[in-house]
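This report concerns only the one structure given below.
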Amino acid sequence: MEDTPEAQLVRHRRSLPMYVGSGGVATACHYAFTIFSVEVLGVPPVAASAGGFVVGAIAKYYLNYTYAFRSNLRHSHAMLRYVLSLALLFVLNAAIFAFLQEGMGVYYI
């Protein structure tokens, strides 16, 4: 069955807010993990933020796959593309965070 332009519009009206919302939830997971790791577990802030990035990425993948896009792709295919796209962002996030936190003395939160 082919998608009509009307059906595509309805799907996009639903998926865009879900995509934005999943980003908010993922960010909250990242921050919560980072703060918990530093304050409760005593993990150094850069390592805690790197772990928080992974936790947020997992939350975002699940929410986008399941709710925002209702994907029919096999996880092996969808996850591979997602992980490859995040690899550079993971390194960039850790590098910028380390520079700000350790290099410039900015408070980790």
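All values below were derived from every heavy atom in this structure, side-chain atoms included, with hydrogens, water molecules and symmetry-related copies excluded. If you're wondering where the values come from, they're calculated on a predicted model, not measured in any experiment.
Smallest separation of non-hydrogen atoms from A48 and T34: O-OG1, 3.4 Å. Taking every heavy atom of both residues into account, H30 and S49 meet most closely at NE2-O, 3.2 Å. When all heavy atoms of C29 and G56 are compared, the pair lying nearest together is CB-CA, 4.4 Å.
Partners of L92 according to the side-chain contact (heavy atoms from CB on, under 4.5 Å) rule, which considers only residues two or more places apart in sequence or in another chain, are I96.
Hydrophobic clustering (side-chain heavy atoms under 4.5 Å, transitive across Ile, Leu, Val, Met, Phe, Trp, Tyr) keeps V55 apart from V83. No continuous path of hydrophobic side-chain contacts links L86 to Y62 [ILVMFWY only; heavy atoms under 4.5 Å]. Hydrophobic clustering, with ILVMFWY side chains joined whenever heavy atoms are under 4.5 angstrom apart, keeps F90 apart from V43. Y82 and L80 are members of different hydrophobic clusters when ILVMFWY side chains are connected at heavy-atom separations under 4.5 Å. Under the 4.5 Å side-chain heavy-atom criterion for grouping Ile, Leu, Val, Met, Phe, Trp and Tyr, F33 is not connected to I58 through any hydrophobic cluster.
Within 6.0 Å of OH on Y31 lie no more than 12 heavy atoms contributed by other residues, nucleotides or ligands. For Y61, the OH atom is densely surrounded, since the number of other residues' heavy atoms within 6.0 Å is greater than 12.
Under a 4.5 Å side-chain heavy-atom cut-off, the cluster of Ile, Leu, Val, Met, Phe, Trp and Tyr residues that includes V38 is completed by I35, V46, F97, Y107, Y108, I109.
Here CZ of F36 is found 4.5 Å from CG of L41. Values are rounded to the nearest 0.5 Å. In this structure, NZ on K60 lies 11.0 Å from CZ on F53, to the nearest 0.5 angstrom.
Judged by distance alone, the side chain of T66 and the main-chain N or O of L63 form no donor-acceptor pair under 3.5 Å.
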